[in-house]
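Heavy atoms only: backbone and side chains are in, while hydrogens, waters and symmetry mates are out. Numbers restart at 1 for each chain; the letters A, B, ... are given by sequence-line order, proteins then strands. Not measured: the values here are computed from a predicted model.
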Amino acid sequence: MAVFERIVGSLSKYAYWVAGACVVAMMAIVVANILTRKLWIPIYQTYDFVGFISAVMVSFSIAYVGIVKGHVAVDMVMERFPQRAQVIISAFGGILSLGMFSIVAWQCAIYANEMRLSGEVSMTAAVPFYPYVYGISLGTALLCLVILTDLIKDIVKAVKR
Amino acid sequence: MSPSTIGIIGIVLLVILFLLRIPVAYVMLLIGFVGFAYVSSLGSAVSILGKEFWGVFSSYSLSVLPMFVFMGTIAFHSGISGRIYDVAYKFVGHYRGGLALATNIACAAFGAMCGSTIAGAAAMGKVTLPEMERYHYDKSLATGCVAAAGSLAILIPPSGILIIYGILVEESIGRLFAAGILPGILLTFLFAITIFVLCRLKPELAPAGSKTSWKERLASTTGVIEMALLFVFVMGGLFIGWFTPTEAGAAGAAGALVISLARRGLSWQGFAAAIGETVRISAMVYLIVAGATVFGRFMAVSRIPFELSEFVGGLGIAPGIIMGLIIFGYLIGGCFMDALAMITLTVPILHGVILNLGFDSVWFGVMIVLVVEMGAITPPVGINVYTIKGVAPDVPLGTIFRGIFPFLIAIVVCAALLVIFPQIVLYLPSIIKY
C-alpha cells in the first residue's frame, strides 16, 4: 500500500510540475501575442494554444490538488461526528467519487478516440484536439488513483477500529 | 415523477452530500450526471461527460482566472503588501487609529492586485498585525479591521468571484470588474468611517501615530508607484478594449513579475510558490465549473430554473422584497457554505428569476460579492477570520468576531446604498467599451 501511495504521489507531483509550467507558458504566449500584434502581426493561433495549455494545466493538476485536499469541501457537519462514522462516510464518498471519475476518464478516452478517427483539428492552428482530450482522460484517471488510495486507507482504518 | 420533482430531490441530495464532506465539485458532477441520466437517458448522460470536460478545461474565457490569480500570487509573494502599508501609514498614520486606517486603505490597494479575500487578509495581516500590536492597539479592532478589509480584494477588481459569476451567466468580465470599482471605494470609505467613529467613542482602542512630512509621504510612494501604474494599465486596457480579460490578466501577471524581479522582491521559492498556488486554485475552480456545468444540464432538463422563474413571477410580490429575500438567503447560506460552492450552485438556478424581476445582471453580481464578503467574516465559516487566526494565533476567535461586528454593519450599509442607488454599480460599466 505504501509503495502504491508513493507511486501515485510521485506521478501526481510530476504532473503538477507540468501544470505549473503551463501557467508560465500561457502567460508567455498571451503576452507575446499582445506585443507582436502591436509591433508586427498577431499570433493567430493564440486562442487555440491557450485552450490546449489550459486543458493540460487543469487535467495534470487535479490529482495533486486531490492529494493536498485542495478541492473545496464543507467540513462543518462531519467534524461533529464520531471518528469511526467519519471514516465510514468518507469511504462511502470515496466509492461514489471513484465511480464518477472512472466514468469521466473512460468517456474522455472515448471522446478523444472519436476525435482522432474523425481527424478533428483546431480552427486556426490546425492542431488535432485528441491528444489533449486523452490528457484529460489521463489526469482524471490519476485523480481516480488518488481517490482509490484514500478509499483503501479509510477501509483499513474502519476495519482496524 | 415529473422532471421538476426529480430536480428538487437532486438539490436535496446535493446538499446532503455536501454536508458529508465530499468535495463540492465531485458532488455537483455526480448529482448532475445521475439526475440527467434519470430525466433523459443513461446514454445521453454518459456522452455529455467527455464533451463538457473538454469544453470547460480548454475554455479560453475561463483562462482569465489563472492569469489574474497568477498576478495576485506574484504580488503576494513579492512583498508589495509591506510597501503599500508603508505608504498608507505615512498618509493617515497621524490620526487616532491611524494604523487601522492605513490597514484599511492598504487592503483596498492590495485588492487592486489580488482577487482573493483569503490572500488579501493573509498578506495584510502578516504586515499590519505586528505593527498594531507594537503600538498597543486593541486586539479586537486590529484583527477585525484586517479580516474585514481583507475581503475588499473580491470587490475591487480583479475579483475571482466576479470572474466565476461572469462565466456562469455569460456576462462581460470587463463590465463586472468596472462595476466593482465604485462600490469598492465606497466600502473602503465606510470602513474608514467605522474605524474613525470607534476611535472617537473609545479613544483607548488605538493611539495616534506621529505625523510625517509631505516630503516623506511622497518619497514613500516610489515603493508602489509602478504597481499602481500596472493596475491602471491593465484595467484601463481592459475597459477601453485594448485587451481581452485573459490578455489583461496575462499582462498584469507579466508586469507584476517584471516589477518584482527588478525590485529583487521575488525569490525563486516565492516564484515557485506563486505558480503552485495559481495551479492549485485554478484546478479547484475549473473542476467546480465542470461539475456545475454538468449539474446545470440536469437543472435545465428538470426545468427547475424556468418553473421557479414563473412561480416567483406569479406570486405578485414586489421585486424588491423578493430580492431582499434572495440576499437574505445568500447571507444565511454564506455563513455555512463556501462562497464559490454557493455561487456555482445557486446562480444558474436564480439568474433567470433575477432577470425576470427586472434587475440588472451586473448589479446582482456585485450584490452577491458583497454578501459573500459578509459570509467571509461571519461565524461559523468566516474564512477570513480563520485566516487572521492563523496569522495571530494568540488572539481568541471570539475577540476577532467581536471586532468584526462594526465592519459588518458597514457592509450592510453599503449593500443598502447599492440597492437604493444602483447607479453606484452601473455607472462605470455603462461608459466602458468592453
Side-chain angles (χ1 to χ4, degrees), chain A residues 16 19-24 26-31 33-34 47 50-55 57-59 61-62 64-66 68-79 86 89-90 92-94 96-97 99-101 103-104 107-112 114 129 132-133 136-137 139-140 147, chain B residues 17-27 29-30 33-34 46-51 53-54 56-60 62-63 66-67 69-70 237 242-244 246-247 249-251 253-255 257 272 274-276 278-288 290 336-338 340-341 380-381:
Chain A
Y16 194 65
C22 286
V23 172
V24 182
M26 193 191 291
M27 180 191 75
I29 192 163
V30 174
V31 171
N33 180 43
I34 296 169
Y47 185 91
V50 167
F52 296 148
I53 294 169
S54 164
M57 177 193 75
V58 183
S59 36
S61 55
I62 49 177
Y64 187 73
V65 175
V68 296
K69 307 286 174 244
H71 293 299
V72 176
V74 180
D75 274 332
M76 220 172 52
V77 176
M78 282 283 280
E79 278 170 355
Q86 284 192 30
I89 293 170
S90 172
F92 166 72
L96 291 181
S97 310
M100 189 65 243
F101 280 101
I103 298 174
V104 173
Q107 277 306 307
C108 285
I110 289 179
Y111 188 47
E114 282 170 10
F129 288 122
Y132 304 97
V133 189
I136 298 177
S137 177
T140 40
I147 297 170
Chain B
L17 292 180
F18 273 171
L19 297 178
L20 296 183
R21 204 162 49 192
I22 305 174
V24 168
Y26 301 9
V27 176
L29 177 64
L30 181 72
F33 171 73
V34 174
V46 162
S47 70
I48 61 165
L49 288 177
K51 292 187 187 81
F53 266 72
W54 167 244
V56 171
F57 283 15
S58 66
S59 159
Y60 181 85
L62 248 180
S63 62
M67 292 297 92
V69 171
F70 196 28
W242 279 2
F243 301 139
T244 65
T246 300
E247 288 175 347
L257 187 61
I275 293 175
T278 305
V279 172
R280 185 177 54 76
I281 294 168
S282 304
M284 181 261 284
V285 174
Y286 271 74
L287 204 57
I288 286 183
F336 297 96
M337 212 170 157
D338 176 80
L340 188 60
V381 171

Which region of Val23(A), side chain (C-beta onward) or backbone (N, CA, C, O), has a non-hydrogen atom less than 4.5 Å from a non-hydrogen atom of chain B, or is it both or neither? both
Among Val104(A), Val68(A), Val31(A), single out the residue with the greatest number of heavy-atom pairs under 4.5 Å to chain B. Val104(A)
Where do Met57(A) and Ser282(B) come nearest, in terms of heavy atoms and distance? CE-CB, 3.8 Å
Bottom line for Ile110(A): the part with an atom under 4.5 Å from chain B's heavy atoms is neither
Nearest 0.5 Å, please: how far is CE in Met100(A) from CG in Leu30(B)? 6.5 Å
Reported OG1-to-CZ distance for the pair Thr140(A) and Phe57(B), which is rounded to 0.5 angstrom: 7.5 Å
Closest non-hydrogen atom pair, Asn33(A) against Glu247(B): ND2-OE2, 3.6 Å
Per-residue tally against chain A (heavy atom, under 4.5 Å) across Leu257(B), Leu20(B), Val24(B), Ile22(B) peaks at Leu20(B)
Select one option (side chain, backbone, both, neither) describing which atoms of Leu17(B) are under 4.5 Å from chain A's heavy atoms. side chain
Answer key: most heavy-atom pairs under 4.5 Å with chain B among Gly66(A), Ser54(A), Gly93(A) is Ser54(A)
Do you know which of Phe129(A), Phe92(A), Phe101(A) has the most heavy-atom pairs with chain B at a distance under 4.5 angstrom? Phe101(A)
Pair count under 4.5 Å, heavy atoms only, with chain A: among Tyr286(B), Trp54(B), Phe70(B), Phe18(B), highest is Trp54(B)
Who are the side chain to side chain donor-acceptor pair (under 3.5 Å) partners of Arg280(B), not counting sequence neighbours? none
Which atom names give the shortest non-hydrogen contact between Gly70(A) and Met284(B), and what distance separates them? O-CG, 3.3 Å
Tightest non-hydrogen contact, residues Ala283(B) and Val58(A), listed as CA-CG1, 4.4 Å
Anything under 30° is parallel, anything over 60° is perpendicular, the rest tilted; go ahead and classify Tyr26(B) against His71(A). tilted
Does any heavy atom of chain B fall under 4.5 Å from the side chain of Ile89(A), the backbone, both, or neither of them? side chain
Considering only heavy atoms and a distance below 4.5 Å, find which of Val279(B), Ile288(B), Ile281(B), Ile275(B) pairs most often with chain A. Val279(B)
Between the CZ atom in Phe52(A) and the OG atom in Ser58(B), the distance rounded to the nearest 0.5 Å is 8.0 Å
Side chain from CB out, backbone as N, CA, C, O: work out which of these in Ser59(B) comes under 4.5 Å of a heavy atom of chain A, or both, or neither. backbone
When rounded to the nearest 0.5 angstrom, what is the spacing between CG in Leu29(B) and CG in Leu96(A)? 11.5 Å
Can you tell me how far the CE atom of Met67(B) sits from the CE atom of Met26(A), to the nearest 0.5 Å? 5.0 Å
Is it the backbone or the side chain of Phe53(B) that comes under 4.5 Å from a heavy atom of chain A, or both, or neither? both
So what's closer than 4.5 Å to chain A heavy atoms on Leu62(B): side chain, backbone, both or neither? neither
Against chain A, label Ile48(B) side chain, backbone, both or neither, depending on which of its atoms sit under 4.5 Å from a heavy atom there. neither
What are the two closest heavy atoms between Gln107(A) and Ser47(B), and how far apart are they? OE1-CA, 4.1 Å
Check ring-ring contact (aromatic ring centres under 6.0 Å, His included) between Tyr16(A) and all other residues, then give those that pass, not counting sequence neighbours. Tyr64(A)
Leading residue by heavy atom contact count with chain A [cutoff under 4.5 Å; candidates Thr278(B), Leu19(B), Val27(B)]: Leu19(B)
